[in-house]
Amino acid sequence: MSRRVFAIANQKGGVGKTTLAMNLAAGLARRGSCAVLDADPQGSASSWVQLATMPSNPSVPVIEVIADVRDVVEAVREEYEYLVIDCPPSTESPRVAQTLACVDCLLIPVLPSPMDLWASTRIEDTVKAARSDNPGLHAFLVLNQIEARNAMARGMAEVFREFTVPALRSGLSRRAIYRTAALEGRSVYDLGPRGKIAAQEIESVIAEILVA
Ligand SMILES: Nc1ncnc2c1ncn2[C@@H]1O[C@H](COP(=O)(O)OP(=O)(O)O)[C@@H](O)[C@H]1O
Ligand SMILES: [Mg+2]
């Protein structure tokens, strides 16, 4: 199993890093043991689990990172089959550099608007720089908050062509259930029929990243 330490990063806040991290981890935890490393000093992944009124099943521990991310990964990587690292909204943060130095695969959530996509281009340079130390680093854009109605496909295709980082075929739609899950401190897998379609979206993402 080569692809097992994942990071979620984007220099922008509010693009869905924590949403993707927590739900991805819940999906991976159905395949093997999984922990989230919360490398964002704002600690949104940590507050997410503190909100939980009942432990999710299977539960995913969230480890707050206060040391060098590489040391924390080294310390726990034998314990878990999968790790998901939720990064702070920055490209300059040492936490991001430490993370990219030791992960197998970086996922970059982006909102489906050309402006948001352009605002995310700086992470490409960060990926390129990280590959000098970590040549095996895979990186993918993940569209988040896709709305069926907007005709973003055409305009976005142009912007995507400017990226050297490829986009996953699967993305996350804009769904109230993602917010509900966060408010309840749970993943979309834990919400029964209400979360089913969202959980299928996460499953598609997982299917792609585990083989890509
Ligand atoms: N696919 C989605 N559909 C609906 N709301 C979403 C979706 N993704 C994220 N959100 C909401 O958008 C806000 C920002 O998401 P969050 O994951 O906290 O972003 P980040 O970690 O990048 O700052 C949160 O309120 C979250 O619940
Ligand atoms: Mg966050």
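Both counts, for ligands and for their atoms, begin at 1 and track the order of listing. Heavy-atom basis, side chains included; hydrogens, waters and symmetry copies ignored.
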Please give me the protein atoms (N, O or S only) lying under 2.8 Å from the Mg ion (ligand 2), ordered by chain and number.
Thr18 OG1
Taking non-hydrogen atoms only, is Ser173 closer than 4.0 angstrom to ligand 1 via side chain, backbone, both or neither?
backbone
Could you tell me whether the side chains of Glu124 and Thr164 share a donor-acceptor contact shorter than 3.5 Å?
yes
re atom 19 (O) of ligand 1, the protein heavy-atom contact at minimum distance is Gly16 N, 3.0 Å
Atom 23 (O) of ligand 1 [closest protein heavy-atom partner, distance rounded to 0.1 Å]:
Gly14 N, 2.7 Å
among protein heavy atoms, the one nearest atom 17 (O) of ligand 1 is Thr19 OG1, 2.6 Å
Can Ser173 and Glu147 be counted as having a side-chain donor-acceptor contact under 3.5 angstrom?
no
Could you check atom 6 (C) of ligand 1 against the protein and tell me its nearest heavy-atom contact, residue, atom and distance included?
Gln145 NE2, 3.3 Å
Can Asp116 and Lys12 be counted as an ion pair, charged N to O under 4.0 angstrom?
yes
Nearest protein heavy atom to atom 24 (C) of ligand 1, by residue and atom, and its distance?
Arg179 NH1, 4.4 Å
Tell me the protein heavy atom at minimum distance from atom 3 (N) of ligand 1, and give that distance in Å.
Arg175 N, 3.0 Å
Non-neighbouring partners of Arg31 that pass salt bridge (Lys or Arg N to Asp or Glu O under 4.0 Å), sequence neighbours left out
Glu203
Which one holds for Lys17 and ligand 1: side chain close, backbone close, both close, or neither close, with close meaning a heavy atom under 4.0 Å?
both
Which bit of Asn144 gets closer than 4.0 Å to ligand 1, counting heavy atoms only: side chain, backbone, both or neither?
side chain
I'd like to check whether Ala176 has a polar contact with ligand 1, where a contact means an N/O of the residue lying under 3.5 Å from an N/O of the ligand.
no
Compute whether any side-chain donor of one residue and acceptor of the other, for Ser90 and Gln11, lie under 3.5 angstrom apart.
no
